[in-house]
Amino acid sequence: MGRAEAARRAVGWVFAANGFGFASWASRLPAVRDAAQLTPAQLGMVLLALSAGAVAALPVSGAVVHRVGTRRTVAAGALLAGAGLAGAGAAPTIPVLLVALFCYGVASATWDVAMNVEGAAVERRLGRPLMPRFHAGFSLGTVAGAATGAAAAGADLPLRGHLLFVAALVVLIPGMATRSFLPGPPRDGVGERRKPSGALVAWRERRTLLIGLLVFGAAFCEGTANDWLAVAVVDGYHVEHAAGAAAFGVFVAAMTAGRLGGPAVLTRFGRVRVLVAGAGLVAAGAGLVVAGAAVGRGDGPGQVLAVILAVAGAMAWGVGASLGFPVGMSAAADEADRAAVRVGVVSSLGYTAFLAGPPLLGLLGERIGTLPAQLGVLVAATVMVLAAPAARPVTARPVLRVG
């Protein structure tokens, strides 16, 4: 148990470092956009480069984790992610951003799959629901990243210096934490190190694919806010960059609270009801954020009401999107048999939406405006509702006592 507890803490730090790096980048998107003079469509295409890197890495990420283990995969991913962040901050021009974000996408995809596989292994080893807490660690990292980004924007800190500092932490923290990961490569309960991973079989399992669809919808809801909320608030409410970063901070703080309280809520109400309610909160929250800009036109009480609606919307959006991804990871790992590859499949599908979905809203934003385009999450919330029943715990041989 001592080694497993040390691994639990290490996984929490790795999740936090991942969230810190991404939120630091996302909170400075308005500054990146202005520095490179990007239109909404161009910004969407830049973000698409990040998605392209992830999509290129996802088909082999599970095999990489199975072959070299989570420890080396996370450490290598963090190193490449740091290089991408540093490059994006050093020269925010379209060609440099395309290359830097492609590298960041490759790194984030493999790092994300590896840390979820390690988290599932620790969860099974300790025999209690931990995945929401691991993802709360990611959210705590995003809170720190968003706060740092807001402070940097408010102080007019040069983008280059800020992202270089972030890149250094993104490399160092995982490099140290992975030393406490569980020994050896992740095992699926029956396989050995150099035997086939069974990934192709997992990709054909109906329940695994439905859970992946659930996580796809949840990741789209979360990723949309990560990529576009700060920009949408700046453009739609006509406020300073620091206010946009602060709105994003409200969202990630609500995500953190939802994940910290997730195990208790799941135990009381069950996975399916929690997921359906979360989808409803996402839809309501996005609607409030969009409606607030129309209410707040002009001076006087309307502006106050607009702020209230925007804050309430960001909070509801954050809480609603908080548990979809971690519950999906836990559901994929309900049975020890091939749990690691199932987690890899579900994480891969979720990460595809997390990166590829929001850039599509950039194209929509070019036509109808950045803020109204956020209503695209209503489609993803509907997908969550339809796929939620697949997350019911497996009764034949339950691993986690959740829901």
Side-chain angles (χ1 to χ4, degrees), residues 16-38 40 43 46-47 82 84-93 97 100-101 104 138-170 173 222-257 285 288-289 292-293 296 299 302-315 317-318 358 365 370-371 374:
N18 191 296
F20 178 79
F22 189 82
S24 297
W25 152 255
S27 66
R28 298 306 302 272
L29 271 175
V32 172
R33 179 197 60 183
D34 291 352
Q37 298 181 340
L38 303 175
L43 181 56
V46 166
L47 294 173
L85 287 171
T93 62
L97 286 172
L101 292 182
Y104 187 82
F138 177 91
S139 295
L140 286 171
T142 63
V143 171
T148 303
D156 291 325
L157 185 70
L159 185 67
R160 176 182 301 183
H162 174 215
L163 290 186
L164 185 61
F165 168 75
V166 171
L169 292 181
V170 163
I173 292 175
E222 180 181 348
T224 295
N226 284 338
D227 281 346
W228 286 108
L229 184 57
V231 175
V233 168
V234 169
D235 290 352
Y237 287 76
H238 307 290
V239 294
E240 299 296 328
H241 291 175
F248 176 65
V250 170
F251 168 81
V252 294
M255 287 274 296
T256 304
L288 288 174
V289 169
D299 297 326
Q303 289 183 326
V304 176
L305 180 57
V307 172
I308 293 173
L309 289 176
V311 171
M315 291 178 63
W317 192 342
T370 305
L371 186 62
Q374 305 312 297

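These values consider heavy atoms only, across backbone and side chains, with no hydrogens, waters or symmetry-generated copies.
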[X] and [Y]: which non-hydrogen atoms are nearest, and at how many Å?
X	Y	value
G313	L288	CA-CB, 3.7 Å
A314	A254	O-CB, 4.4 Å
A245	A230	N-CB, 4.3 Å
L97	A36	CD1-CB, 4.3 Å
Y237	A306	CE2-O, 3.9 Å
A146	A23	N-CB, 3.9 Å

Exercise. For A86, what residues pass the side-chain contact (heavy atoms from CB on, under 4.5 Å) criterion, not counting sequence neighbours?
Worked result: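 With neighbours one apart ignored, the set is L164, A167.
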How long is the straight-line distance from [atom2] of [Y] back to [atom1] of [X], given to the nearest 0.5 Å?
X	Y	atom1	atom2	value
D235	R33	CG	CZ	4.5 Å
W317	T224	CH2	OG1	6.0 Å
L169	F20	CG	CZ	5.0 Å
W228	L43	CH2	CG	4.0 Å
N226	L47	CG	CG	11.0 Å
F248	D227	CZ	CG	8.5 Å

For this session: Find out whether L85 and Y104 are in side-chain contact, i.e. whether some heavy atom of one side chain is under 4.5 Å from a heavy atom of the other.
Result: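 Result yes, sub-4.5 Å side-chain heavy-atom pair found.
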Exercise. Got L229 and Q374 here, is their nearest side-chain heavy-atom distance under 4.5 Å?
Worked result: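 Counting from C-beta outward, L229 and Q374 never come under 4.5 Å.
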Can you give the donor-acceptor pairs under 3.5 Å from side chains of residues 151-163 to other protein atoms, not counting sequence neighbours?
from : atom 1 : to  : atom 2 : distance (Å)
R160 : NE     : A90 : O      : 3.3
R160 : NH2    : A90 : O      : 2.9
H162 : ND1    : R28 : NH1    : 3.1

